[in-house]
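Below, read A as the first sequence line, B as the second, and so on, with proteins coming before strands; counting in each chain starts at 1. Predicted, not measured: the structure shown is a model, and the values here were computed from it.
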2 protein chains.
Amino acid sequence: MFRLQNEIGLKLSSSLEDYLESIYLIQRDQTVARMKDIASRLGVTAPSVTGAIKSLNKLGLVEHSNYGYVKLSETGGKIAADIFRVHQALTDFLHIILGLDYQKAESDACRIEHSIEPETVRRLADFLEFAISPSKGCKGCAQKFNEWYLEKDK
Amino acid sequence: MFRLQNEIGLKLSSSLEDYLESIYLIQRDQTVARMKDIASRLGVTAPSVTGAIKSLNKLGLVEHSNYGYVKLSETGGKIAADIFRVHQALTDFLHIILGLDYQKAESDACRIEHSIEPETVRRLADFLEFAISPSKGCKGCAQKFNEWYLEKDK
DNA sequence: TAATAAAGTTAGGAGTGCCTAAATTGTTTC
DNA sequence: GAAACAATTTAGGCACTCCTAACTTTATTA
């Protein structure tokens, strides 16, 4: 059932990845994450959060004692940061290259981030670097694509 | 629970989309699809297929009577074709633009296809058209990126 | 500090999607 | 056409992830 994937060698479900990422972002914004913050961010009910946190706790990815705050463990923090990096790379690509509005780019990224391979993400990020660089071979083709796209269906 | 998504207005699970797509491809290659073909293509056991086909049958997307062949209904065929178009667009993008080898492009596409929005796919396909065209603003930047990428880490 | 409100947990249940084992039906082949 | 084999279905179970309702703990405040 376990597939080598991140530094501790386990493959998390999309759902648990979402929880981890939420905790990461809440911690970043507010230092501590509470169950209700996680619930409202993910649009689930409190008991769902309790269950998920228990799973993450068993896996050693969060620290949590009853009725208290939730904190990412060191490993949990690393994994969450990885997930968020993927999220960012995808969002940037969808927004800057494809020209999706930022909201849509984020929500699409949020779903795709769980099913994309690391190599693909790496290439996506590299392509972005290449495409927006005025000095590399492409000379700002992201910009050019968006101009072309706007004219396209006229 | 239903979200407007395709022409009959329902959102299928990733799993059911996979079944539909498999049947579509088997039908294309061999005219009729049998349960065991579907099972082996998806890497699941026969009872899993029986269950999934029952669900698709209830939704009116396949025709199937006990111990017989499976056939896509008209609606099922349209939805499957849509799914496959997304699959192709994604695969092409990952292979031609990002330079992933075809196998990896396909397997990544296979997972991403369930979570990407139609608008994003459209833009991806348009970007591909733009990027490989020698006449449009980009002048074959897909090619240039791949050359740059190969040199990158040297 | 006792009452109330807010946050969190427990209990129990539903839907999905997979599995194994066992029964059934269909197809060959002698 | 009956035995043997292949394909499919049924039965039963498990993991995951969500839910509602009810209960417990913690925080607020009058």
Quick one, B/Tyr19 with B/Tyr24, criterion ring pair (Phe, Tyr, Trp, His ring centres under 6.0 Å). Give me CA distance, side-chain angles, the key distance, then yes/no.
CA-CA 9 Å; B/Tyr19 281 97; B/Tyr24 177 81; over 10 Å; no

Atom-to-atom span, CG of B/Asp18 to P of C/dG17 - whole angstrom:
10 Å

If I take atom CG in residue A/Leu42 and atom C1' in nucleotide D/dT17, what distance separates them, rounded to the nearest angstrom?
12 Å

To the nearest Å, how far apart are B/Met35 CE and C/dT24 P?
18 Å

May I have the distance from A/Leu12 (atom CG) to D/dT17 (atom C1'), rounded to whole angstrom?
15 Å

Integer-rounded Å distance: C/dA11 P and A/Lys54 NZ:
8 Å

Let's see if you can work this out: which of C/dC18, D/dT10, D/dT8 has an atom nearest to the side-chain heavy atoms of B/Lys36?
D/dT8

Salt-bridge criterion met for B/Arg123 and B/Asp126 (N-O under 4.0 Å)
no

Please confirm whether the shortest side-chain N or O distance from B/Ser48 to OP1 or OP2 of C/dC19 is below 4.0 Å.
yes

Kindly indicate whether the side chain of B/Glu113, heavy atoms from C-beta on, has any atom under 4.5 Å from the side chain of B/Asp18.
yes

Protein-nucleotide distance (A/Tyr19, atom OH; D/dC16, atom C1'), rounded to Å:
11 Å

With sugar-phosphate meaning primed atoms plus P, OP1 and OP2, does A/Tyr69 contact a base, only sugar-phosphate, or nothing at under 4.0 Å between heavy atoms?
nothing

For A/Ala46 and for A/Asn66, locate the closest nucleotide of DNA chain D by heavy-atom distance; then report the residue assigned to the nucleotide nearer the 5' terminus.
A/Ala46

Specify the residue among A/Leu16 and B/Gly68 whose closest nucleotide of DNA chain D lies further upstream toward the 5′ end.
B/Gly68

Rounded to whole angstroms, how far apart are OH on A/Tyr67 and P on C/dA5?
19 Å

Any base atoms under 4.0 Å from A/Thr45, or only sugar-phosphate, or nothing? Heavy atoms, all strands.
base

Ion pair present between B/Lys104 and A/Glu117, side-chain N to carboxylate O less than 4.0 angstrom?
no

With sugar-phosphate meaning primed atoms plus P, OP1 and OP2, does A/Ser13 contact a base, only sugar-phosphate, or nothing at under 4.0 Å between heavy atoms?
sugar-phosphate

B/Thr50 near the nucleic acid: base, sugar-phosphate alone, or nothing, with a heavy-atom cut-off under 4.0 Å?
base

Of the nucleotides C/dG17, C/dG8, D/dC19, which one has an atom closest to the side chain of B/Ser15?
C/dG17

Between B/Phe130 and B/Phe93, ring centroids under 6.0 Å:
no

Rounded to whole angstrom units, what separation is found between the NE2 atom of A/His64 and the C1' atom of C/dG8?
8 Å

